[in-house]
Chemist: 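My questions all concern the structure below.
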Amino acid sequence: MVEVAKHQPEFEAQNISGQLIGFYTPEFVKGDKHVPGYHLHFLADDKSFGGHVLDFELISGSLVIDKINSFEMLLPSEGDFLESEFSTDRSDELKKVEQ
């Protein structure tokens with residue numbers, strides 16, 4: 001994952017309007033699949049630009065917050081997923097990729 005992220009393309013845009021969508025993960029749920037902090041994505045109003053957000057500056061906007069205290073994750077019940085190796089702690093790798 002870290003090796004792939006080294007070659008991940010990054011793009012910049014300026015003076016663009018759209019939706020910034022994301023979620024916050026608290027520190028106490030960190031691990032393989034979660035990095036504490038904010039995880040944000042952007043989609044331009046005209047859908048010409050978007051993706052994972054590493055940094056941004058907001059000129060103007062409105063904020064809507066939906067507080068949730070649970071979520072459901074559905075995992076495959078058959079196939080290659082069941083043969084996958086999940087015991088390795090990859091939290092450090094994930095943190096490098098996400099931040």
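If you're wondering where the values come from, they're calculated on a predicted model, not measured in any experiment.
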Chemist: To check you understand the geometry: which heavy-atom pair defines the closest contact between Ala13 and Ile16, and what is its length?
Modeler: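 Taking Ala13 first and Ile16 second, the nearest heavy atoms are CB-CG2, 4.0 Å.
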
Chemist: Linking I/L/V/M/F/W/Y whenever any side-chain heavy atoms sit under 4.5 Å apart, do Phe49 and Leu40 land together?
Modeler: yes

Chemist: Does Glu10 reach the side chain of Leu54, with side-chain heavy atoms less than 4.5 Å apart?
Modeler: yes

Chemist: Measure the acute angle between the ring planes of His52 and His41, then classify it against the limits of 30° and 60° as parallel, tilted or perpendicular.
Modeler: perpendicular

Chemist: Please answer: with hydrophobic residues joined when any side-chain heavy atoms are less than 4.5 Å apart, are Val53 and Tyr38 in the same cluster?
Modeler: yes

Chemist: Is Glu85 atom CD crowded by more than 12 heavy atoms from other residues, nucleotides or ligands, each under 6.0 Å away?
Modeler: yes

Chemist: Identify, with sequence neighbours excluded, every residue that meets side chain to side chain donor-acceptor pair (under 3.5 Å) alongside Ser48.
Modeler: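 Scan of Ser48 (side chain to side chain donor-acceptor pair (under 3.5 Å), adjacent residues dropped) gives Asp46.
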
Chemist: Membership question, hydrophobic clusters at under 4.5 Å side-chain separation (ILVMFWY): are Phe81 and Met73 in the same one?
Modeler: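 The answer is yes; both residues are in one hydrophobic cluster.
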
Chemist: Under a 4.5 Å side-chain heavy-atom rule over Ile, Leu, Val, Met, Phe, Trp and Tyr, are Phe42 and Tyr24 clustered together?
Modeler: yes

Chemist: Surrounding CG of Asp45 (heavy atoms of other residues, nucleotides or ligands, distance under 6.0 Å), is the total greater than 12?
Modeler: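 It does: Asp45 CG has more than 12 such atoms within range.
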
Chemist: Should Phe11 and Phe56 be counted in the same cluster of Ile, Leu, Val, Met, Phe, Trp and Tyr side chains packed under 4.5 Å apart?
Modeler: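 Yes; tracing contacts between hydrophobic side chains, which count when under 4.5 Å, links both residues.
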
